[in-house]
2 protein chains.
Amino acid sequence: MSGDDRERAVLASFERLVSERALHEISIDDIARGAGISRPTFYFYFASKEAVLLSLFERMLGEANARRGDALERIAEDPPARLREGFAAFFDVFRAHRPVTLAGAEARATSAEVEAVWGAVMETWVGEAATAIEAERARGAAPPGVPARDLAISLLLMNERVQHAALAGHAPAVAEDDVVGVLTTIWLRAIYGT
Amino acid sequence: MSGDDRERAVLASFERLVSERALHEISIDDIARGAGISRPTFYFYFASKEAVLLSLFERMLGEANARRGDALERIAEDPPARLREGFAAFFDVFRAHRPVTLAGAEARATSAEVEAVWGAVMETWVGEAATAIEAERARGAAPPGVPARDLAISLLLMNERVQHAALAGHAPAVAEDDVVGVLTTIWLRAIYGT
DNA sequence: CGATAGTATCAACAGGGTGTCGAGACGACG
DNA sequence: CGTCGTCTCGACACCCTGTTGATACTATCG
């Protein structure tokens, strides 16, 4: 068995465990044993639980960014349709990797590194959304109002939190199947008025 | 020194520590020593770190609920003013107790009890907001749309997340002084249309 | 075909955290 | 002056983390 196989085994063990219980209930020993190695050997491959999580997480983010396409850039074509399309792309990916998503949210609370990585990802989306809002305002489709960046930040943080509550099943939450519709409606009203 | 004094000392020690570093970096021994008692004695007063936090947290929630008054119920009088008034009341309290607020957010990720308590609080606000939205729709001030409850949940989760990002200073975030204004604008547009 | 260098592995250690138990100190009150 | 709550903590058992140092295995080259 090669080093790459071992590393994959660690990722697989982690993904299995995280689908069974919360991140803070999983020890490095659990992950290591699940991958058929000892705890010190785990440290040969990863620096921490969080490092394993980030590895899985980044793969997931790549998938999400690929799937979303350029919906936001083409928002002028048909705002409701493009918004819905983009949100559905993200939510489908997060839903497909629910355990990793929830573990990521948990890790963000205690790991500065996870927090920073997620913040950087959010930052790119905020930039794109703010640009799209400004373009819609420039062409007269959307009325002026609060700074586009502040609007983009607030709406994206809403998406994050609403999706998380729905996936975690923590009340109060919007039903999973209604998440995309509700978020789309609020974005449309917040950006375009009616 | 009486038992009540000791208990107060524990709360004070906790509040001081939590203003210096993150919750997960604080051990029960730290809290106990800061209160001038031993670790086992800590357990005589509280079952866990989270129990101390919840004690402080509930006091803070009482303050917030008192300060907010009945802004939401009187929303018909002047929606922008009432909304702004209510949001400012909450945000002021959270800002005045920033370390406790941030510790609460951190604890929610790992403690089912904290998560449940916060969920119950959110649930009461969701009920009030949904009722207010339905009343505005009934009197024709607000147009129909997505279910009032889903709208209320999403907007309140947005408020929670936006306020948290601002208080934690985790990018991307809205500047503290702009939070209330931005949130008010989005609520107005989401509920009333333009 | 042996020397050597990089890769991989883990027993054992050091350090820190949690929660509990049982023995005792202390004050109030019948 | 006993005795009963209240209060206190040393000591223990246990779990978790991250590192060290000894050891294997493997591949490549002179």
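Lettering follows sequence order; numbering is per chain, from 1.
- Note on Phe42(A): nothing from the nucleic acid sits closer than 4.0 angstrom, heavy atoms only.
- Spacing between atom OH of Tyr43(B) and atom P of dG17(C) amounts to 12 Å, rounded to whole angstrom units.
- Backbone-only engagement by Arg6(A) is indicated by non-hydrogen atom pairs under 4.0 Å involving sugar-phosphate atoms exclusively.
- Separating the CD atom of Glu25(A) from the P atom of dT18(C) is a distance of 17 Å, rounded to the nearest angstrom.
- Note: CG (Leu23(A)) to C1' (dC16(D)) measures 14 Å, nearest angstrom.
- Between Met158(A) and Arg161(B) the shortest side-chain heavy-atom distance does not fall below 4.5 Å.
- What separates CZ of Phe44(A) from P of dA8(C) is a distance of 4 Å, to the nearest Å.
- Here the C1' atom of nucleotide dG19(C) and the CD1 atom of Ile28(B) are 8 Å apart, to the nearest Å.
- More than 12 heavy atoms of other residues, nucleotides or ligands lie within 6.0 Å of CD in Glu25(B), so this atom counts as buried by the packing criterion.
- In this entry the distance linking NE2 of His24(A) with P of dG17(C) reads 18 Å, nearest Å.
- Counting non-hydrogen atoms of neighbouring residues, nucleotides and ligands closer than 6.0 angstrom, the CD atom of Glu128(A) exceeds 12 such neighbours.
- At least one side-chain nitrogen or oxygen of Ser38(B) sits closer than 4.0 Å to the OP1 or OP2 atom of dC9(D).
- Distances shown here put a side-chain N or O of Thr41(A) below 4.0 Å from the OP1 or OP2 atom of dC10(C).
- A donor and an acceptor atom, one from each side chain of Trp187(A) and Asn159(A), are located under 3.5 Å apart.
- Atom C1' of nucleotide dT7(C) and atom CD of Glu7(A) are separated by 14 Å, given to the nearest angstrom.
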